[in-house]
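Both counts, for ligands and for their atoms, begin at 1 and track the order of listing. Any value given below was found using the heavy atoms of this structure, including those in side chains, with hydrogens, waters and symmetry copies removed. Nothing fancy with the numbering, it's 1 onward along the sequence.
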Amino acid sequence: MSDNDENNAEEPIILSELNDEELVLQMGDDLYDGMEDEVVEGTNILLERNWEPAKVLSDALMEGMRIVGEDFRDGILFVPEVLLAANAMKAAMAVLHPLLAETGAPSTGKMVIGTVKGDIHDIGKSLVIMMMEGAGFDVVDLGINTPAEDFISAIQEHKPDILGMSALLTTTMPYMKVVIETLKEEKLRDDVIVLVGGAPLNEEFAQAIEADAYCRDAAVAVETSKEMISFRHNRPSAP
Ligand code: B1M
């Protein structure tokens, strides 16, 4: 139970009657408590109040998830509760997905992305996909727990400009290096731009595993993809 719940125990809360600030706080509490319907309702109300979808995502949902993450780390929340919170977050993201993706722009490029083997965290990856699609990229989602072989076959099949990998665990991030080594063995490394992301990573790690770049968040993933594709296209071809 989160702080606001005690005060609100007697009367049901009508989300639409709250002002924006109260509603965002309440959505944080509802996300914390894994109340999917309420989080989706709050998301729809903010959109009806002309909030930009990206602002709903960052100010209401990601901020709520940050608090869930802190309490998970501190042993206040446990896996089942975090799973409920994650499901509520994903349901709200499903509402935002078409809005973030609706640009009608011609394809900017193609990306294949997956969460690496051993890792089942997929919220950050889904966010990257939404933002990439919103920027006009075609994205092939390989899902979670993705072994190197699946990355390789997807590259052979879809011929993407970008290979994206996500890892949220310090124990799974080294697997990104395994994928890159496999790309080299298969002589595919030079065919794709490799971008990596996930909370425990940093630029040094990306350099050490010979990825092309580390992306701190979904917006950086979009910018980096655009810059690197444009650089590749403008680069003089080898004599
Ligand atoms: Co997990 N978990 N979890 N978990 N979980 C973390 C990651 C943890 C930091 C929590 C903590 O202790 N504070 C911790 C890892 C510690 C560590 O390794 N140092 C942890 C742990 C320990 C575990 C388990 C081992 C717990 C257990 O079983 N005892 C277990 C592992 C399971 C496994 O993967 N094998 C586990 C399980 C779970 C749940 C299933 C309950 C659930 C996942 C549900 C799901 O994803 N469908 C879960 C969750 C929700 C979290 C936290 C709370 C939230 C993660 C999240 O969704 N963040 C997380 C704590 C935290 O990160 N604060 C935690 C929101 C998301 C928008 O951010 O994913 O960082 P993020 O993505 C960002 C950027 O990183 C970047 O852009 C995104 C958007 O801006 N980005 C990319 C991410 N991927 C990218 C790829 C790119 C580019 C950018 O490619 C180009």
Side-chain angles (χ1 to χ4, degrees), residues 28 31-32 34 36 39 54 56-94 96-97 100 109-135 137 139-147 151 160-176 179-180 192-203 205-206 209 211-229:
L31 189 69
Y32 192 98
E36 185 174 318
V39 176
V56 179
L57 195 56
S58 62
D59 293 14
L61 301 174
M62 285 176 71
E63 175 55 18
M65 207 61 197
R66 187 184 63 75
I67 297 166
V68 170
E70 281 178 9
D71 282 5
F72 188 30
R73 177 196 62 209
D74 297 341
I76 298 165
L77 287 180
F78 297 96
V79 170
E81 291 135 326
V82 177
L83 210 42
L84 284 177
N87 286 342
M89 170 109 181
K90 286 169 95 176
M93 280 165 63
L96 299 176
H97 188 172
L100 286 166
K110 193 184 273 187
M111 171 187 243
V112 161
I113 187 168
T115 301
V116 298
K117 187 173 169 181
D119 202 320
I120 62 167
H121 294 86
D122 69 351
I123 295 176
K125 171 176 67 64
S126 302
L127 210 48
V128 171
I129 293 172
M130 277 192 217
M131 300 286 281
M132 292 291 291
E133 288 179 343
F137 282 83
V139 184
V140 178
D141 181 9
L142 302 182
I144 54 174
N145 195 20
T146 312
F151 283 111
D161 305 282
I162 311 267
L163 171 66
M165 289 189 274
S166 180
L168 265 285
L169 299 172
T170 45
T171 48
T172 56
M173 52 194 260
Y175 193 76
M176 292 174 161
V179 176
I180 291 175
V192 282
I193 297 162
V194 178
L195 303 183
V196 293
L201 277 62
N202 56 33
E203 274 168 33
F205 174 77
I209 64 167
D212 290 299
Y214 157 69
C215 305
R216 186 182 64 243
D217 59 31
V220 172
V222 170
E223 285 317 307
T224 311
S225 300
K226 284 183 180 168
E227 278 167 21
M228 291 205 160
I229 288 179

Visitor: Right, does atom 9 (C) of ligand 1 have protein non-hydrogen atoms nearer than 4.0 Å?
Guide: no
Visitor: Taking only residues two or more places apart in sequence, or in another chain, which ones meet Arg73 in a side-chain hydrogen bond (donor to acceptor under 3.5 Å, both in side chains)?
Guide: none
Visitor: Among Ile144, Asn145, Leu168, Asp141, find the residue that satisfies the side-chain contact (heavy atoms from CB on, under 4.5 Å) test when tested with Asp122.
Guide: Ile144
Visitor: Once side-chain hydrogen bond (donor to acceptor under 3.5 Å, both in side chains) is applied, what residue pairs with a partner in residues 211-221 remain, sequence neighbours excluded?
Guide: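 As it turns out, the side-chain hydrogen bond (donor to acceptor under 3.5 Å, both in side chains) pairs with a partner in residues 211-221, which skip direct neighbours, are Arg189-Asp212.
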Visitor: Identify, by atom number and element, the atoms of ligand 1 in contact range of Val128, meaning under 4.0 Å from any of its heavy atoms.
Guide: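 The atoms of ligand 1 under 4.0 Å from a heavy atom of Val128 are 77 (O), 82 (C), 85 (C), 88 (C), 89 (C).
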Visitor: Got Val39 and Met89 here, is their nearest side-chain heavy-atom distance under 4.5 Å?
Guide: no
Visitor: List every atom of ligand 1 that sits less than 4.0 Å from any heavy atom of Asp217, numbering the atoms from 1 in the order shown and giving each element.
Guide: 76 (C), 77 (O), 80 (O)
Visitor: In ligand 1, which numbered atoms sit nearer than 4.0 Å to a non-hydrogen atom of Leu127?
Guide: 67 (C), 79 (C)
Visitor: Considering only heavy atoms of Leu195, which atoms of ligand 1 have at least one such atom less than 4.0 Å away?
Guide: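 What qualifies from ligand 1 is 90 (O), 91 (C).
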Visitor: Hey, is Ala86 touching ligand 1 through its side chain, its backbone, both or neither, going by heavy atoms under 4.0 Å?
Guide: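 Side chain only.
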Visitor: If the cut-off is 4.0 Å to any non-hydrogen atom of Ala218, which atoms of ligand 1 fall inside it?
Guide: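 Every atom of ligand 1 under 4.0 Å from some heavy atom of Ala218: 77 (O), 79 (C), 80 (O).
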Visitor: Please report how many protein N/O/S atoms lie under 2.8 Å from atom 1 (Co) of ligand 1.
Guide: 1
Visitor: Could you tell me which residues satisfy side-chain hydrogen bond (donor to acceptor under 3.5 Å, both in side chains) with Glu81, sequence neighbours excluded, listed by chain and number?
Guide: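 Per chain and number, Glu81 pairs via side-chain hydrogen bond (donor to acceptor under 3.5 Å, both in side chains) with no residue.
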